[in-house]
There are 2 protein chains.
Amino acid sequence: MKASADRAPFDRAAFDRTVRERLERSGRRYTGGRRSVVEALVESGHPLSISDIEKLRPGLPRSSAYRHLVELQQAGIVRRLSAEDEFSRYELAEDLTEHHHHLVCVSCGRVVDVTPPKSFEIAVTEVLDELATSEGFTVQGHRLDLLGRCASCS
Amino acid sequence: MKASADRAPFDRAAFDRTVRERLERSGRRYTGGRRSVVEALVESGHPLSISDIEKLRPGLPRSSAYRHLVELQQAGIVRRLSAEDEFSRYELAEDLTEHHHHLVCVSCGRVVDVTPPKSFEIAVTEVLDELATSEGFTVQGHRLDLLGRCASCS
DNA sequence: ATAGTACTGAGACTGAGTCTCATTATAGTA
DNA sequence: TACTATAATGAGACTCAGTCTCAGTACTAT
Ligand SMILES: [Mn+2]
Ligand SMILES: [Mn+2]
Ligand SMILES: [Zn+2]
Ligand SMILES: [Zn+2]
């Protein structure tokens, strides 16, 4: 069972429009290099490290890839994940996909998306909001990762 | 309400014995430098960055602090957290304190411990185990952080 | 076309974290 | 206590993921 089996089909045209809008709203163009990075993230469907991106887009210079990722973060298109290992990973912003969580392999670093049922999210959010409020925190969101070993590392 | 209000009182002697045991089990001594790092973590009660540790232990050389943290991780005494910012943070291993989660300030990077009720943990674990199993993952644990702004950054 | 501005690639640079090595402390033994 | 073997330490060189600079290129608008 795929966690996303019941998701609406991906509308590439609408997605492109949104990405372009967000880039332009932050004063940038939707150029070939930026599109190349965004499409690598769309196609792979799971968080990518810089070296993943280099393998998928051999022509793209490292400095450009890093720069694009920063710009895409500022435009709210990409989110950077802090990983267990030393390598950051990047994925599409949640409102371009859907709220989800991660299975993180402590052995190889691979990250897989996973989406719990909505009832779970509601319960989690409620409890956590209360805890945060009691410490004077203003909650913006949460991050829930499962650490373990992936199928091929077991 | 403090999240840890109902925790058993901290037994420093028993704690020291456990730390020494774990270090010796991994072939190391419980020396002054290592004790200095461990006690900084105990006293502060929340995850510390290297620069936090430097401020708390001005005499301790940077290279020694880093080395101690690696050794303490290998001995299962310390856990390294990957943060939102570029700086790792370190805390005592969960079985020396208790299972807990983090409020992470996206503005200043500060991390506060928070402990949800056991019923919450049971529910979370159950749902997550199922999701992980369906992806062929073997779960070792989870990590749940709340991102937001701390009281002084709001 | 021209000007103004954004984008790009090459590579220099930064700094958190690691490694090396010479010196010092410790535990064990006689 | 003296001697030996091994572990620990501090200084600083080093690594390399990530950032910054800058000269050249591509857009965009008029
Ligand atoms: Mn969630
Ligand atoms: Mn938990
Ligand atoms: Zn793996
Ligand atoms: Zn803060």
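Every chain is numbered from 1 and lettered A, B, ... according to where its sequence line falls, protein lines coming before strand lines. Quick caveat: nothing in here was measured; it's all calculated off a predicted structure.
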**OP:** Grab the CG-P distance between A:Leu48 and D:dG18 for me, whole Å please.
**Re:** 13 Å
Original post:
What residue among B:Arg80, B:Arg143, B:Arg79 forms salt bridge (Lys or Arg N to Asp or Glu O under 4.0 Å) with A:Glu84?
Top reply: B:Arg143
Original post:
Below 4.0 angstrom, N of the basic side chain to O of the carboxylate: do A:Arg29 and A:Glu24 qualify?
Top reply: no
**OP:** Could you tell me the separation between the CZ atom of A:Arg20 and the P atom of D:dC27, rounded to a whole number of Å?
**Re:** 13 Å
Original post:
What is the distance from CG of B:Asp85 to P of C:dG15, rounded to the nearest Å?
Top reply: 15 Å
**OP:** Give a yes/no verdict on a cation-pi contact between A:Arg35 and A:Tyr30, requiring under 6.0 Å between NZ or CZ and the six-membered ring centre and an angle within 45° of the axis.
**Re:** yes
Original post:
Are more than 12 heavy atoms from other residues, nucleotides or ligands located less than 6.0 Å from atom CD of B:Glu130?
Top reply: no
Subject >> Residues in contact with DNA chain D, drawn from residues 50-69 of chain B - heavy-atom cutoff 4.0 Å >> reply: B:Pro61, B:Ser63, B:Ser64, B:Arg67, B:His68
Original post:
Are B:Ser88 and B:Leu81 side-chain neighbours, meaning at least one heavy-atom pair lies under 4.5 Å?
Top reply: no
Subject >> Nearest-Å distance for atom pair CD/C1', residues B:Glu86 and C:dT14 >> reply: 10 Å
**OP:** Find the bend of the helix from C:dA1-D:dT30 to C:dA30-D:dT1 as the angle between its two terminal axes (five pairs each), to the nearest 10°.
**Re:** 30°
Subject >> Check: B:Pro47 and B:Asp113 side chains under 4.5 Å, non-hydrogen atoms >> reply: yes
**OP:** Might you point out which heavy atoms bring B:His100 and B:Val114 nearest each other, and give the distance in Å?
**Re:** CB-O, 3.4 Å
Original post:
Hey, can you pull the residues of residues 21-38 of chain A with a non-hydrogen atom under 4.0 angstrom from DNA chain C?
Top reply: A:Arg28, A:Arg29, A:Thr31, A:Gly33, A:Arg34
**OP:** Check the angle between the aromatic planes of A:Phe10 and A:Phe15 and answer parallel, tilted or perpendicular using the 30° and 60° thresholds.
**Re:** tilted
Original post:
Is the closest side-chain heavy-atom distance between A:Leu72 and A:Tyr90 below 4.5 Å?
Top reply: no
**OP:** I would like to know whether A:Gln73 and A:His68 meet side-chain hydrogen bond (donor to acceptor under 3.5 Å, both in side chains); could you show each step before the answer?
**Re:** CA-CA 8 Å; A:Gln73 284 175 78; A:His68 292 326; over 6 Å; no
